[in-house]
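Input: a single structure, listed below in structure tokens.
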Amino acid sequence: MYAAAIERVNGRACVARFLRGSSVSAAAPRVAVAAIGKAAGSMTLGALDTLGERVQQALVITKTGHAEVELAQHEVVELLESAHPVPDARSLAAGARLLDWTQALTPDVWPLFLISGGASSLVEHLRPGVDLQTVAALNRTGLASGWSIERLNAERAQLSAIKGGGLTARLQQPALALFISDVPGDDPAVIGSGLLGPLSADSIGKDQVNRRVVARLEDALAAAAEVAIAHGRTVEFGARRFCEDVHELAHDFAGTLRGSAAEVLAWGGESVVSLPAAPGRGGRNQHLALLLARAMQGQTGLAVLAAGTDGTDGVTDDAGALVDDTTWQSIELAGFDAETALARADTALALEAVGALLHTGPTGTNVGDLLLGIRYDC
């Protein structure tokens with residue numbers, strides 16, 4: 001189910017699919033691509049697959065380790081690896097390069113922007129009087145305090161000269177912006193803190209950006225459900241995208257899984273975790289998975305996968321974890337104190353000890369988190 005979900009929202013496939021069916025791109029003889037986000041490399045390959053030699057240049061800014069090796073085969077690609085989830089000096093350098101790139105566009109070139117989650121941290125150009133330490137502190141506070149992605153992105157945009165429509169205001173010609181959405185409502189004003197979002201109310205000039213969302217969380221959930229249905233399972237979707245604290249979410253999901261008439265639950269969203277002063281190694285999906293393992297102990301025939309669609313979770317290189325009704329006991333039998341792991345937000349080692357971690361590597365997309373549960377005793 002997870003693999004099918006990732007394939008459905010893969011950046012390369014989604015961008016290529018849109019461009020092949022678009023009359024906008026067909027009329028552009030010369031194209032300049034700027035891709036920013038965790039899925040920037042994959043999205044760029046989709047543009048190159050479709051537009052070929054019409055792409056004159058491609059600036060790709062992505063998280064360190066998320067660039068596809070295949071990008072190096074294309075001479076037009078300029079690759080910058082930057083910081084995530086907390087911006088650093090590389091983010092400022094990438095922001096400066098993006099501004100230079102935008103200002104150097106000539107009238108005979110059609111700009112194509114490819115934006116995905118992670119862009120908020122990867123590129124930055126600050127408002128006068130704002131320094132990098134202030135922005136980094138804001139990110140750390142938001143992440144540790146469990147702010148929603150909407151709140152964190154709104155706060156980031158207030159400090160930035162290119163977010164919240166700031167980069168849009170600098171464009172002197174029509175452009176197309178394609179988005180892979182990791183935010184509720186799939187609003188370009190929120191994705192990447194509004195990098196290539198609509199002009200702000202106080203902006204002067206004309207908004208010349210045509211914006212399209214090419215992949216959403218709901219697309220991934222639909223693909224996951226199709227696999228379950230093909231295997232003869234009934235599926236129940238979440239009533240909404242989840243956004244609550246992991247403790248509340250674990251309680252609700254475990255209870256629903258036990259009591260549902262359906263055999264499979266397919267939920268999506270982005271949970272929040274309030275971190276201790278010195279957190280260990282883990283991420284929100286691993287934390288959620290361990291909470292679910294505790295909630296399911298003593299039950300029979302329950303299994304849950306909690307994983308990010310981008311292939312990374314928190315400060316780890318794992319996407320999340322797969323747990324069942326035996327996982328909690330197995331962790332303790334392996335010599336780990338699972339309660340302490342939760343209290344310290346140090347869940348990765350405990351889950352790793354029982355083979356529960358899911359490792360995919362970068363997936364070429366980022367539409368949020370998946371929470372997939374199966375009752376296999378029915």
Please check if the side chain of Arg233 supplies one atom and the backbone of Ile374 the other of a donor-acceptor pair under 3.5 Å. no
Between Val227 and Leu371, is there shared hydrophobic-cluster membership here, with clusters defined by ILVMFWY side-chain heavy atoms closer than 4.5 Å? no
Test side-chain contact (heavy atoms from CB on, under 4.5 Å) on Leu196 and Phe179 and set out the steps. CA-CA 10 Å; Leu196 264 294; Phe179 297 84; 4.2 Å; yes
To the nearest 0.5 Å, what is the distance between CG on Leu305 and CG on Asp324? 12.0 Å
Is there a side-chain contact between Arg241 and Glu218, using heavy atoms and a 4.5 Å cut-off? yes
Do Lys163 side-chain atoms and Ser120 backbone N/O form a donor-acceptor pair below 3.5 Å? yes
Using atom types as modelled and distance alone, determine if a side-chain donor or acceptor of Thr168 lies under 3.5 Å from a backbone N or O of Pro198. no
For the residue pair Leu265 and Val304, establish whether any side-chain heavy-atom pair is separated by less than 4.5 Å. no
pair His74-Val55: side-chain heavy atoms closer than 4.5 Å: no
If you apply the rule side-chain contact (heavy atoms from CB on, under 4.5 Å), what do you find for Val323 with Trp328, and how did you get there? CA-CA 8 Å; Val323 298; Trp328 186 269; over 6 Å; no
Counting only N and O atoms by type, is there a donor-acceptor contact under 3.5 Å from the side chain of Arg156 to the main-chain atoms of Leu138? no
Look at the side chain of Asn139 and the backbone N and O of Gly142, then say whether any donor-acceptor pair between them is shorter than 3.5 Å. no
Is the backbone of Leu92 close enough, under 3.5 Å, to the side chain of Glu124 for a donor and an acceptor to pair up by distance? no
Can you give me every donor-acceptor pair (side chain of residues 267-274, partner residue at least two apart or in another chain, under 3.5 Å) with its distance?
{"unit_1": "Glu270", "atom_1": "OE1", "unit_2": "Arg284", "atom_2": "NH2", "d": "3.3"}

Is a side-chain N or O of Gln286 found less than 3.5 angstrom from the main chain of Leu357, in a donor-acceptor match? no
So does Arg258 pair up with Asp325, basic N to acidic O under 4.0 Å? no
With a sphere of 6.0 Å drawn around CD of Glu339, does it hold more than 12 non-hydrogen atoms of other residues, nucleotides or ligands? yes
Please enumerate all residues that pass side chain to side chain contact (heavy atoms under 4.5 Å, CB included) together with Ala319, with sequence neighbours excluded. Tyr2, Ala307, Leu358, Thr360
Does the pair Asp310 and Asp182 meet the rule for a side-chain contact (heavy atoms from CB on, under 4.5 Å), with working shown? CA-CA 10 Å; Asp310 60 357; Asp182 64 337; over 6 Å; no
Check whether any side-chain heavy atom of Gln57 lies under 4.5 Å from a side-chain heavy atom of Val33, and answer yes or no. no
Charged N-O contact under 4.0 Å between Arg8 and Asp219: no
Are any of the side-chain heavy atoms of Glu68 and Ser42 separated by less than 4.5 Å? yes
Give a yes or no on whether the backbone of Asp313 and the side-chain of Thr316 come within a donor-acceptor separation of less than 3.5 Å. yes
Kindly indicate, with the supporting measurements, whether the criterion side-chain contact (heavy atoms from CB on, under 4.5 Å) is fulfilled by Ile331 and Leu290. CA-CA 10 Å; Ile331 287 172; Leu290 190 51; 3.5 Å; yes
Asp369 side chain reached by Leu217 side chain, heavy atoms, under 4.5 Å: no
What I'd like to find out is whether the side chain of Val123 reaches to under 4.5 Å of the side chain of Leu167, using heavy atoms alone. no
Spell out, as yes or no, whether a donor-acceptor pair under 3.5 Å connects the side chain of Arg211 to the backbone of Ala189. no
Between the main-chain N or O of Val367 and the side-chain N or O of Thr309, is there a donor-acceptor pair closer than 3.5 Å? yes
Identify whether Leu370 and Leu288 are in the same connected component of the hydrophobic contact network (ILVMFWY, side-chain heavy atoms under 4.5 Å). no
Going by atom types alone, do Trp101 and Glu78 pair a side-chain donor with an acceptor below 3.5 Å? no
Is the shortest side-chain heavy-atom distance between Val60 and Leu114 below 4.5 Å? no
Side-chain donor-acceptor pair under 3.5 Å between Thr64 and Arg90, yes or no? yes
Any chain of hydrophobic side-chain contacts (each under 4.5 Å) joining Leu105 to Ile36? yes
Under 3.5 Å, which donor-acceptor pairs link side chains of residues 9-19 to any protein atom two or more places apart or in another chain?
{"unit_1": "Asn10", "atom_1": "OD1", "unit_2": "Arg12", "atom_2": "N", "d": "3.0"}
{"unit_1": "Asn10", "atom_1": "OD1", "unit_2": "Ala13", "atom_2": "N", "d": "3.2"}
{"unit_1": "Asn10", "atom_1": "ND2", "unit_2": "Thr363", "atom_2": "O", "d": "3.4"}
{"unit_1": "Arg12", "atom_1": "NE", "unit_2": "Asp49", "atom_2": "OD2", "d": "2.6"}
{"unit_1": "Arg12", "atom_1": "NH1", "unit_2": "Glu70", "atom_2": "OE1", "d": "2.9"}
{"unit_1": "Arg12", "atom_1": "NH2", "unit_2": "Asp49", "atom_2": "OD1", "d": "3.0"}
{"unit_1": "Arg12", "atom_1": "NH2", "unit_2": "Asp49", "atom_2": "OD2", "d": "3.3"}
{"unit_1": "Arg12", "atom_1": "NH2", "unit_2": "Glu70", "atom_2": "OE2", "d": "2.9"}

